[in-house]
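Contents: one structure, followed by commentary.
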Amino acid sequence: MPKAIIGLCIAIVVLLSLITSTTWTYFNDTESSSNNTFTAGTLDLVPLVTGSYSGLASLYHIVAGGNGVNGNVVFDKIAPGQNGTIEWVLSNTGKLAGTLSIACTTIFAENGSSELESLATGNNGGSNGDLDQYLLVTLQRGVGTDQASAEAAMTYILGTVSSPVAISGLEAVLDAQNQALAASGGNDTVVYQLTWSLSSSDPNINIVQSDTAQIDITFTLSQ
Amino acid sequence: MKKVLGLSIAALLLIGLAVGGTFAYFSNTETSTGNTFTAGTLNLTVNGNDGANTVVFTVTNANPGESGAGTWALVNTGNLDGYIDLENISVTNAENYDANTDEAEAADDSDTSDATGGGELGANLDVVLFIDDGSGGGTANNGIQDGTEATIYSGKLDSIAASYDQNLPLAGPGGTTYISMTWSVDSSVDNIIMGDSATLDIDVELGQTAGQ
């Protein structure tokens, strides 16, 4: 190999080496932007069921329910002149505001027709019972930062204390609910309070004997 | 053809995204099902009859010196406690006079016509209406007022009151009590009652409250 070629090759290698080394000699500054985090918000509806009853305590059962746990109130053997309440306390414990909607189903049953019911004018024995007409209710709603402030803010959305209405109207009112709830820490709590009474002045009240009324409610808090 | 196929797939994807998107938002559902109201029941049976009239006394050919008794067995078959009252009590007398056979009555009875209050049996029939519950060592449902069984009324049948608010507690279901009535015609009563009849009507009320 001629010396000239060897010298040329060495020269090229040296040159390349110089060029490569030179890139490490320019100014350089590095900054970091790490831990950029995305955390999903939360929506969490927590229901609590309470109630009261003017009759015997043994004929009144509450399951308070809770987060993911069904709660309800059962009034057994109600009689004319009695009254009571059911209160649903719904709190958004999540970090996002949401809108509460309600799906309500009311179910009425006759449970057979006794002699006294048969004698009552208008009895629809064997059909869907008569509590839908004779069980009178009011419904109030209040929104606040907690249960107490929500209760203090309650206003009637069905009937009034002086003019309760038949429970048959409850389903439509609850189904129409579209209640804004703030994220936890704001006006995150809504209270629905149902009061009920069974008339002691209606001469036809025997018509409801053994009849039942059931309220099934699904609460949905949506983004 | 490839272009059309491509457009169709794109359209389907777009629709899928749009529909799928509505289910992607946050939501939380809670339930409160089974909130239940059940009305209680009150139901009274008398001697096992529910809604049918109960005849306790069918006395024929009663005469001076004779006596007897009858009992109303009252059962609350409902599931609520209640209270027993006696209401709408009435007595109806009739002469049933037959001039062909009842001349003996006419001898002692100056009025054999129903036009002026009917016959005289009610005015001469002694009755004791009492709670035959066995109180104070007595025996229930025996038609005899023994122990300390309480008297509701004692006197002539005609003078019985129109109602007695006894407010006898009768628990449901199955609470039972007895009301009995003894009757007698004193041997001093003469022919004035011959052939006469007296009909006693009573309503037994089971009420939810003592105030009814």
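Residue numbers begin at 1 in each chain, while the letters A, B, ... track the order of the sequences. Computed from heavy atoms alone, side chains included, the values below leave out hydrogens, waters and symmetry copies.
- Counting only distance, with no hydrogens or angles, the side chain of D216(A) and the backbone of G34(B) share a donor-acceptor pair below 3.5 Å.
- When heavy atoms are compared at a cutoff of 4.5 Å, I167(A) approaches chain B solely by way of its side chain, counted from C-beta outward.
- Side-chain N or O atoms of N72(A) include none that pairs as donor or acceptor with a backbone N or O of S32(B) at under 3.5 Å.
- Taking the six-membered ring where the residue is Trp, F75(A) and F37(B) present parallel rings, their angle staying beneath 30° rather than reaching 60°.
- If you tally non-hydrogen atom pairs under 4.5 Å between each of G51(A), G98(A), G65(A), P80(A) and chain B, the highest count goes to P80(A).
- Here the CG atom belonging to L43(A) is positioned 8.0 Å from the OG atom belonging to S27(B), to the nearest 0.5 angstrom.
- Ranked by heavy-atom pairs under 4.5 Å with chain B, the list H61(A), Q82(A), Q209(A) is led by Q209(A).
- For chain B, the nearby part of L194(A) is the side chain; its heavy atoms alone come within less than 4.5 Å.
- There is a side-chain donor-acceptor pair under 3.5 Å between T29(B) and T220(A).
- Proximity of a side-chain donor or acceptor of N35(B) to a complementary backbone N or O of I215(A) within less than 3.5 Å is detected.
- At a 4.5 Å heavy-atom cutoff, the contact between E30(B) and chain A is made by backbone and side-chain atoms alike.
- Of all non-hydrogen atoms in K77(A) and L80(B), the two that sit nearest each other are O-CD2, 3.4 Å.
- Side-chain contact between F26(B) and L96(A) is present, with at least one heavy-atom pair separated by less than 4.5 Å.
- With a threshold of 4.5 angstrom between heavy atoms, V63(A) does not approach chain B through any atom at all.
- Counting heavy-atom neighbours within 6.0 Å of K156(B) NZ, excluding the residue itself, gives a total above 12.
- With chain B as partner, the option from T212(A), L198(A), T105(A), I78(A) having the largest number of non-hydrogen pairs under 4.5 angstrom is I78(A).
- For V74(A), the parts sitting under 4.5 Å from any heavy atom of chain B are the backbone and the side chain alike.
- Scanning both residues, T38(B) and S210(A), for their nearest heavy atoms gives CG2-O, 4.4 Å.
- By number of non-hydrogen pairs under 4.5 angstrom with chain B, the leading residue of I102(A), N67(A), L131(A), L90(A) is N67(A).
- Nearest approach of T33(B) to N70(A), heavy atoms of both residues: N-OD1, 2.8 Å.
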